[in-house]
*Asks:* 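Mind having a look at this structure? Questions to follow.
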Amino acid sequence: MKKYNFSRIEKKWQAKWLKDKTYEPNIEKPRKKGKFYNLMMFPYPSAEGLHVGNMYAFTGSDIYGRFKRMEGYDVLEPIGLDGFGIHSENYALKVGTHPVKQSKVSEKRFYQQLRMIGNGFAWQEHVETYDPEYYRWTQWLFVQMWRHGLAYRKKQSVNWCPKDKTVLADEQVIAGKCERCGAVVEKRELEQWFFKITEYAGRLLKNLDAIDWAEKVKIAQRNWIGKSEGALLRFRLTSDVPSVGVNIKDVGRPYLEVFTTRPDTLFGATYVVLSPEHELVEKLKDRISNFKEVAAYAKKAAGKSDEERIAGGKDLSSHKASAERGKTGVELKGIKAINPANDEEIPVWVADYVLGSYGTGAIMAVPAHDERDFEFAKKFGLPIRQVIALETGIPRPSEERRDGGCGVVFDPRTQKYAVAVHPDGIVRLFGGGFNDGEDGREGTLHEIAEESGLYDFSHVEEIGTCFAHYRNRRKQVYRSGLTKCFLVILRSDKVKERHPEPHEVNLHLEWMPAAEIVKNWKGYNQERDLDHWLAFLREGVARAIELGYDTTSNPAHFPSEALLGVGKVVNSGKFDGVDSEEAKWEITKFVHGEKKTQFHLRDWLISRQRYWGPPIPMIRCEVCAAAGKGENKEMPGWYAVPEKDLPVKLPMVKDFRPEGKGESPLASVKTFYEVKCPACGSKAQRETDVSDTFLDSSWYYIGYLMKCNNGKLKIGDSAFAERMRVWLPVDMYIGGAEHSVLHLLYSRFVSMALHDWGLVDFEEPFTTFRAHGLVIKEGAKMSKSKGNVVNPDEYIKKFGADALRMYLMFMAPLEQGGDFRDSGILGITRFLDRVWKITQRVLDPKKSVHSAPAFADTHHVPDGFKRILHKTIKKVTEDIESLQYNTAISALMILLNEAEKQEKATGLPRYFFEDFLKLLAPFAPHIMEELWRELGNKSSIHLESLPAYEEKMLKENAVEVIVQVNGKRRGSVMVEAGTSEETVQDRALSVETVAAALRGQKVKRVIYIKGKIINLVI
RNA sequence: GGGCAGGUGGCGAAACCGGCAGACGCACGGGCUUUAGGAGCCCGCGCCGCAAAGGCGUGAGGGUUCAAAUCCCUCCCUGCCCACCA
C-alpha cells in the first residue's frame, strides 16, 4: 500500500495547479454559471511572516471559493499585499531596514508562505500597494476626489502621535492612545488634506439596509456614522461690558447657534457652553471682562489630548477620584445669552467637555436632563431646572388604573420639608391613590391629611404630572395611573387625627431639609417603584425657592442625578403637558429654530507626515495663490499633478525616519518637492505629505482586475469598464471585524464616489461580507511575550497544510473564531489518514496503481448507506454556504465511520469515493486531488461539480419514536415512516418501561409529534 | 457608561423555527494486536449510584408549556468594539 506523504503531495500539486492555471478564471468571459468574485482581506506583510490568524481567515475564505467553483462558478480569488503605510514603515524601523528593501524581503517571504497553505489563489492577479503601477491609481483617485470637490485642505487640531510622529485619524485613536504604538495622543494644529466623506453620510447609512453584511458590522457602521435628529437653535447674546472695539452686533453673528437633540428641554437650558476653540471666544474678546482667564483656559484645553479631556470628565469608576478630577470650564464674564424660549438671561461658559468638531461647537446646557451638563452645573453651582416629568413606563390595559397624588409639603418657619418615614427607614413624600370621586388637588390634600395629619396650608400649587406604575416585589406592575404632585406651603403645623390605611399605621412624619431627603431616599423601589416622586420633590423645591419660601436650599446641589428619558413637558409655559417627542418640534418652531440632522462621522483625514506611502499628487504655486488663481476657487494656488505625470514616485530617501516637526521626510528632499507650476510655469512646490494607508486598500478589489491577464488596462478605458461591469461588485468578502468601520466604510465611500462619477455601475462594492472570528491559543490570547504564538509553517511541516487547514476549520464556526489546541490537530490527522487508507484499499495493493480499482457492485450496497451519503451531501453543502465548516467536517467524519463499517460488510461502490472526495476537496485540496487522480481521473477534482443529493434519498423508512410520560423519556418504539398516531400510541403503551412509568394510571392527554416523539400525559 | 457576541462534560464544541442535551473530535480509562514510540483496531466515558432501577444536570433565580439549552422576565459573569457626539 502506498504511504501517505503529505509533504510530497502538497508540493507536487501546488506546482501542478500553478502550471495548469487551475485557479485562473477566464476574465474576459467567465465560464459556466458565471463569475464569482471571492475576496479576502489582503494582509500587510509587516510582522514576522504569516500569522495563524491570517491563515485562518484565508482558509475560511478559500473553502468558500473552492465550494463556489465546484458549484459551477468561475471564481476569482486574488491575493496581494497591503505593504504601503505606517504599519509596514514601523516594522522597517523596528528591524532597522529601509522599507524599500524590507518590502521586497517581506513580499518574498509572505508569498512563499501563502503558496504553501493550499489556497486556490489566482496568482496572476496579485497586487502590492507599494508598486508604482498600483499607487499610480491611488494617486489618480486622489486627483479625482480633488476634481470633484471632495478633497480639501484645512487647518485642524489633529491627533498627533508623539511616537509615530504623525497625524492620526479619529478612528486610529483608541481610548486616547495610538492604535499602533499605544503612545498617548496629543493635539496639534496642522494643515491637512481631507476627503468629504460626510457628504455621503446619509447614503452610507441608508445603503446598509440593503446589503448582506454581518449584522454586527452594520451596527458598528451605523453607530460610527451616528445620525442624530435634532434642531439648530439660536441664543441672542448681550453684554454689559462697554464696547471697546467691536459692537456685539458686529461680531458676524450676533447670536450663538447650538445643536441639540432635545429641543423639548429648551425651557430648562440654564446656561450655554462654547467649546474652547469656538470662534466667538476670540471675536467677543473685548466684551469679556475676564478674557485673560478665558484665553488661558482655551489654550490649555486645545493642547490637551482627548485622553486628558475625557479623564477630566466623569471618571466615577476609579476610587482614586482626586479633587482634580471633574469637568473644567470658565464663565465668560460680561456676556449673557438669552434663552429664546423664556427670554431669560443665562450665563455663557467655555468648557472642554464641549467639542469644537461636533455640531456647532456650542451647546445649550440642560442640567436637569443631561448627565454631563448636570455634573458641570453641580460643580459650578449653576441652576438646575426640571422641565420633563419622566414617564416611568407604559401601562398595559389589563392593569388596574388608579390615579393618585403626592405633596411636597414645606414649612417656611423651619425651612424644612415633610416626609413620611417607614419603620424600615424608607423615606417618601406624603400621598397615595385617590378614592372614588376625588380629583387631583382635593384627593392629594386628603391623602396628605390622612397620612400626616397636616391640613392647614397657605398655598397649594400643582407642579407636575406623570403616568406612574406601582410594582410589587417582583417588580410586576399591579397598578398604574396618573400621579399629580402639588407644592404645599404650611400656614401652621396644626394636625388633626390621622386615618392611615392599615399598612401605613407605622408611618411617621419627619421634617428634613431638601438635601437630606434626597440623601435618604435610597432604594424606595424595593417595595414600590416611586422614584418619580423624587423628581417631583426637586420640582417642588425649585418652585418653593422661586416663590421665595425656601431660602436655604441650593437647587444646584441637592439633586442626585440627571433625569434622562422622555415624558411630559413641565415648567415650560404653554407647552406644559405636551409629550416631549411632540414638544421637540413645537418648541423648535416656537423659537424659529431649524430641524437638523447631524452626523457623528467626520471627514476623512488623508495626510500623513511620513515617508512610506503614496505622495499626495498636488502642487502648490505661490504665484498663482497670490493672484487668486487655481483649480479650485476656494483654494487658490493648488493644482493636481497632471494625470500624464502620474505616478508621483516616492523617491529613495535614506533617512526615512519621521522627524516630528509636523512634516514628512520628503520635505527635505529638494529634488522631489521643487517643481514647475502646471498652470503658470513658475517655481512651485510639491505636497510632501503622503496619503493614509486606508486609501491604498479602499480600491484594491478593482486593482486586481487591472492586473488580470497582465493587462495594461486603466480606469476610463471602455474595455476596463466592461471588465468591471462583468466582475464587480465583489460577491463574497471575508475579513476581520476589526475593519468594521475603517477600511469597510472608506471602501464604500470610494465606490460610491466612483459610481457618481460614472465609472462603475454599483454603489456598494461588497455584496456579502462576513467577519471571521479570532484564533486564540489554549484559551488565551496569542502574544509574543507569552510565547504562545502559533506559527503556521511549523504545523504545515509537521502535519501538512491540509491537516492544518482542516483543523483550523474544525475548531468552531468561522464567524466565531477558535481555540487552537495542539492536541486537537491529531484528530484531523487520523481522519485524513483513514481517508487515505480506505481509498488505497480499493486501489488493490496487488495490482499496479493504474489498473482499475476494486469497487463493490452498487447493487450489493444497501439503500441505508446511500441515504447516509446523501444526507451528508445535503448537510455539507448547507453548512459550507453558512460558513459552518466545523459541522460540515463532523458530518464527513460520521460518513467515514459509516463507510468503514460498510466496507467490511459489502465493500464500497465507486460513487461513494467520488462523492466523498469531492465533498472533502475544499477542505483538504492536496490529498483529495492526489486520491482523485489515483482513482483514474485525468483532470482536477477542483474543477469537478459538487455531488447533488436526491430529495427522495433522504427519507427514512423506519424511524424511532421516543416515548415520554409527562415529558420524561421512558422508552422508544421503531415504526415505519407514516405510521398512524393510533398505532404509535398502541405500540408505545405496550413498551414495558413505559407501562411501568404509567403505573396503571389513565392517560389524560397524548401529544404526538410525527416521527419524533409521543408524550403521554397522566 | 453604551453596543454586540457569548456562558452547555476534564477540553474544543453539537443541538437553539421548543421535541431523546452533549453529535463530531480531543483528553482519559479498559481491552486486543507478543504492543519500545505521539502507530492501529475494539469498548467505555455528563454527575450521584458496584450495578440496575432511579434521580440530578445547559451561569443564577423565576415564568410560560404536555415538553425549555432553545421563548419571556430579573440578575450575575466573560470576551470584543465604542465611549463627554449635545
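Per chain, numbering begins at 1; letters A, B, ... match sequence-line order.
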*Asks:* Tell me: CD of A/Gln816 to C1' of B/rA13, nearest whole Å?
*Replies:* 8 Å

*Asks:* Counting only side-chain nitrogens and oxygens, does A/Arg1005 get under 4.0 Å of the OP1 or OP2 atom of B/rC66?
*Replies:* yes

*Asks:* Which value, rounded to the nearest 0.5 Å, describes the distance between A/Thr260 atom OG1 and A/Lys584 atom NZ?
*Replies:* 8.5 Å

*Asks:* Heavy atoms from C-beta onward define the side chain here; which of B/rC56, B/rC84, B/rC41 lies closest to that of A/Tyr353?
*Replies:* B/rC84

*Asks:* Go through it in stages, so that I can follow the logic: the residues are A/Tyr1008 and A/Asn1015, the test is side chain to side chain donor-acceptor pair (under 3.5 Å), and I'd like the CA-CA distance, side-chain angles, deciding distance and then a yes or no.
*Replies:* CA-CA 6 Å; A/Tyr1008 177 57; A/Asn1015 189 5; over 6 Å; no

*Asks:* Can you check the A/Tyr885 OH to B/rA14 P distance for me, whole Å?
*Replies:* 15 Å

*Asks:* In whole angstrom, give the distance that lies between atom CG of A/Asp879 and atom P of B/rC16.
*Replies:* 11 Å

*Asks:* With heavy atoms under 4.0 Å as the rule, sort A/Phe376 into base, sugar-phosphate or nothing.
*Replies:* nothing

*Asks:* Ignoring backbone atoms, establish whether A/Arg830 has a side-chain N or O less than 4.0 Å from OP1 or OP2 of B/rG25.
*Replies:* no

*Asks:* Is there a donor-acceptor pair closer than 3.5 Å between any side-chain N or O of A/Arg602 and the backbone N or O of A/His600?
*Replies:* yes

*Asks:* More than 12 non-hydrogen atoms from neighbouring residues, nucleotides or ligands closer than 6.0 Å to NZ on A/Lys797, yes or no?
*Replies:* no

*Asks:* At under 4.0 Å, does any side-chain N or O of A/Gln884 touch on OP1 or OP2 of B/rA13?
*Replies:* no

*Asks:* Mind calculating the distance between CG (A/Leu826) and C1' (B/rC11) to the nearest angstrom?
*Replies:* 14 Å

*Asks:* For A/Ser228 and A/Gln598, does a side-chain donor sit closer than 3.5 Å to a side-chain acceptor?
*Replies:* no

*Asks:* For the pair A/Glu375 and A/Lys378, find out whether any cationic side-chain nitrogen is under 4.0 Å from an anionic carboxylate oxygen.
*Replies:* no

*Asks:* Go along nucleotides 18-24 of chain B 5' to 3' and tag each nucleotide: B for a protein heavy atom under 4.0 Å from its base, S when only backbone or sugar atoms are that close, - otherwise.
*Replies:* -BB--BB

*Asks:* How many whole angstroms separate atom CG of A/Asp264 from atom P of B/rA86?
*Replies:* 14 Å

*Asks:* Expressed as a whole number of Å, how far does the C1' atom of B/rC16 sit from that of B/rU70?
*Replies:* 4 Å

*Asks:* Between A/Lys777 and A/Asp822, is the closest basic N to carboxylate O distance under 4.0 Å?
*Replies:* yes

*Asks:* With rounding to the closest Å, how many angstrom separate the C1' atoms on B/rG57 and B/rC41?
*Replies:* 34 Å

*Asks:* For a quick check of understanding: with a heavy-atom distance under 4.0 Å over all strands, which category does A/Lys781 fall into, base, sugar-phosphate or nothing?
*Replies:* sugar-phosphate

*Asks:* What's the gap between B/rA27 and B/rG10 when it is taken at their C1' atoms, as a whole Å value?
*Replies:* 7 Å

*Asks:* Could you check whether A/Lys798 pairs with A/Glu794 (Lys NZ or Arg NE/NH1/NH2 to Asp/Glu carboxylate O, under 4.0 Å)?
*Replies:* no

*Asks:* So what does A/Ser740 touch, heavy atoms closer than 4.0 Å: a base, only the sugar-phosphate, or nothing?
*Replies:* nothing

*Asks:* Could you state the atom-to-atom distance from CE of A/Met782 to P of B/rG79 in whole Å?
*Replies:* 17 Å

*Asks:* Got a sec: does the CG of A/Leu774 have more than 12 other heavy atoms crowding it under 6.0 Å?
*Replies:* no

*Asks:* For RNA chain B, which consecutive runs of 3 or more Watson-Crick or G-U pairs (each distance under 3.5 Å) count as stems?
*Replies:* B:1-7 with B:76-82, B:10-12 with B:24-26, B:28-32 with B:40-44, B:46-48 with B:54-56, B:59-63 with B:71-75

*Asks:* Just to be sure I understand the rule, does A/Arg834 reach a base, reach only the sugar-phosphate, or reach nothing, if contact means heavy atoms closer than 4.0 Å?
*Replies:* sugar-phosphate

*Asks:* Side-chain atoms of residues 803-817 of chain A: list all donor-acceptor pairs with protein atoms under 3.5 Å, sequence neighbours left out, distances to 0.1 Å.
*Replies:*
| residue | atom | partner | partner atom | Å |
| --- | --- | --- | --- | --- |
| A/Arg805 | NE | A/Phe923 | O | 3.0 |
| A/Arg805 | NH1 | A/Asp62 | OD2 | 3.1 |
| A/Arg805 | NH1 | A/Ile117 | O | 3.2 |
| A/Arg805 | NH1 | A/Gly118 | O | 3.2 |
| A/Arg805 | NH1 | A/Asn119 | OD1 | 3.0 |
| A/Arg805 | NH2 | A/Asp62 | OD2 | 2.8 |
| A/Arg805 | NH2 | A/Pro922 | O | 2.8 |
| A/Tyr807 | OH | A/Arg821 | N | 3.1 |
| A/Tyr807 | OH | A/Arg821 | O | 3.2 |

*Asks:* What I want to find out is whether A/Lys871 reaches A/Glu956 closely enough, with some N-O distance under 4.0 Å, to be called a salt bridge.
*Replies:* yes

*Asks:* Could you check how far CD of A/Glu778 sits from P of B/rA13, rounded to whole Å?
*Replies:* 12 Å

*Asks:* Using atom CD of A/Glu903 as one end and atom P of B/rC41 as the other, report the distance to the nearest whole Å.
*Replies:* 12 Å

*Asks:* Quick check on B/rG46: syn or anti? Syn means the glycosidic torsion is within 90 degrees of zero.
*Replies:* anti

*Asks:* Is the glycosidic angle of B/rG9 within 90° of 0, making it syn, or outside that range, making it anti?
*Replies:* syn

